[in-house]
Amino acid sequence: MGKVYDEIETIFTTGISEEYLGEDVKLVEHMLQCADLARSAGAPDYLVVASLLHDIGHLLVDDAPGAQDAGVDMHHDVVGAKWIEDRFPGSVSEPVRLHVAAKRYLVTTNHDYLAKLSPASVITLNMQGGAFNQEEVIDFISSVGAEDAVRVRLWDDLAKVRDKETSALIEFKEAIDTLAL
Ligand SMILES: [Fe+2]
């Protein structure tokens, strides 16, 4: 008990957690803001933890900032989901796996959505394949966790406020410990 939390704490406090990846906030702050938004919206714990961990893939790959600068997609969605699925149920890993696809889905189906994305998110959108075609939209909405991925995605897009006070990681420990496999 607590082993997964300890791993998360180590990942959140080392490596590139202090990087911005082109956004206004550090990655670790961004993930805490996202989890706070999920919690304030009354989301269930599995979705709060998915929000907290949605960008963990960025913290697990080598040189994410260098890759981003070079225009290389490191597939942080898939990397993150793989790490999470070894430690949590699919209700946590699948929204993370689909949170980039959810952006592509929202760009395709909601005309106002693109205008609300941060500049960095628009740049990565193109690296990630841009808008979906009709077949990809159908594929996405029939995927397990798609609806939850859209919710995470909308909090993700809002979780980029500079100098916003966030909960500390420890405030998510109980949810993490309860959900960890
Ligand atoms: Fe994010």
Side-chain angles (χ1 to χ4, degrees), residues 8 11-41 43 46-61 63-69 71-85 88 91-107 110 113-132 140 143 145-169 172 175-176:
I8 293 169
I11 292 167
F12 269 51
T13 50
T14 50
I16 66 149
S17 60
E18 301 281 306
E19 286 281 346
Y20 290 78
L21 292 190
E23 302 286 1
D24 280 348
V25 289
K26 294 174 184 174
L27 263 176
V28 65
E29 284 175 40
H30 166 62
M31 292 162 82
L32 288 165
Q33 281 188 26
C34 195
D36 277 344
L37 288 167
R39 196 165 256 178
S40 311
Y46 74 86
L47 215 46
V48 173
V49 175
S51 299
L52 176 73
L53 301 178
H54 79 277
D55 272 343
I56 199 165
H58 279 313
L59 307 177
L60 298 169
V61 297
D63 196 22
Q68 177 133 337
D69 289 346
V72 177
D73 182 5
M74 301 295 278
H75 300 285
H76 76 283
D77 43 351
V78 179
V79 173
K82 275 199 182 127
W83 188 92
I84 293 166
E85 75 184 359
F88 292 98
S91 57
V92 181
S93 62
E94 295 322 286
V96 174
R97 189 186 312 281
L98 294 176
H99 83 276
V100 170
K103 175 169 69 168
R104 299 178 64 195
Y105 166 78
L106 284 163
V107 165
N110 178 338
Y113 178 73
L114 182 61
K116 291 187 202 141
L117 287 176
S118 68
S121 213
V122 174
I123 292 169
T124 53
L125 171 69
N126 296 323
M127 283 157 55
Q128 290 155 346
F132 273 162
F140 173 77
S143 305
E147 237 171 275
D148 285 335
V150 168
R151 296 187 75 191
V152 171
R153 182 74 228 180
L154 295 172
W155 295 318
D156 178 3
D157 296 325
L158 295 172
K160 299 178 177 182
V161 179
R162 192 190 298 252
D163 296 330
K164 187 177 179 190
E165 211 170 303
T166 67
S167 300
L169 182 61
F172 301 100
I176 289 167

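Note that the structure is a prediction, hence the values are computed from the model and not measured. Atoms within each ligand, like the ligands themselves, are counted from 1 in listed order.
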**OP:** Please examine the side chains of Ile56 and Val96, heavy atoms only from C-beta on, and report whether any two atoms are closer than 4.5 Å.
**Re:** no

Original post:
Have Asp156 and His30 got a donor and an acceptor in their side chains that come within less than 3.5 Å?
Top reply: yes

Subject >> In the protein, N/O/S atoms that are found under 2.8 Å from the Fe ion (ligand 1), waters not counted >> reply: His30 NE2, His54 NE2, Asp55 OD2, Asp156 OD1

Original post:
Excluding sequence neighbours, so at least two apart, what forms salt bridge (Lys or Arg N to Asp or Glu O under 4.0 Å) with Asp157?
Top reply: Arg153

Original post:
Does the pair Asp36 and Thr166 meet the rule for a side chain to side chain donor-acceptor pair (under 3.5 Å), with working shown?
Top reply: CA-CA 7 Å; Asp36 277 344; Thr166 67; 4.8 Å; no

**OP:** Output yes when a side-chain donor or acceptor of Ser143 lies under 3.5 Å from a complementary backbone atom of Ala146, and no otherwise.
**Re:** no

**OP:** Calculate, to the nearest 0.5 Å, the distance between atoms CG and OH belonging to Leu98 and Tyr105 respectively.
**Re:** 12.0 Å

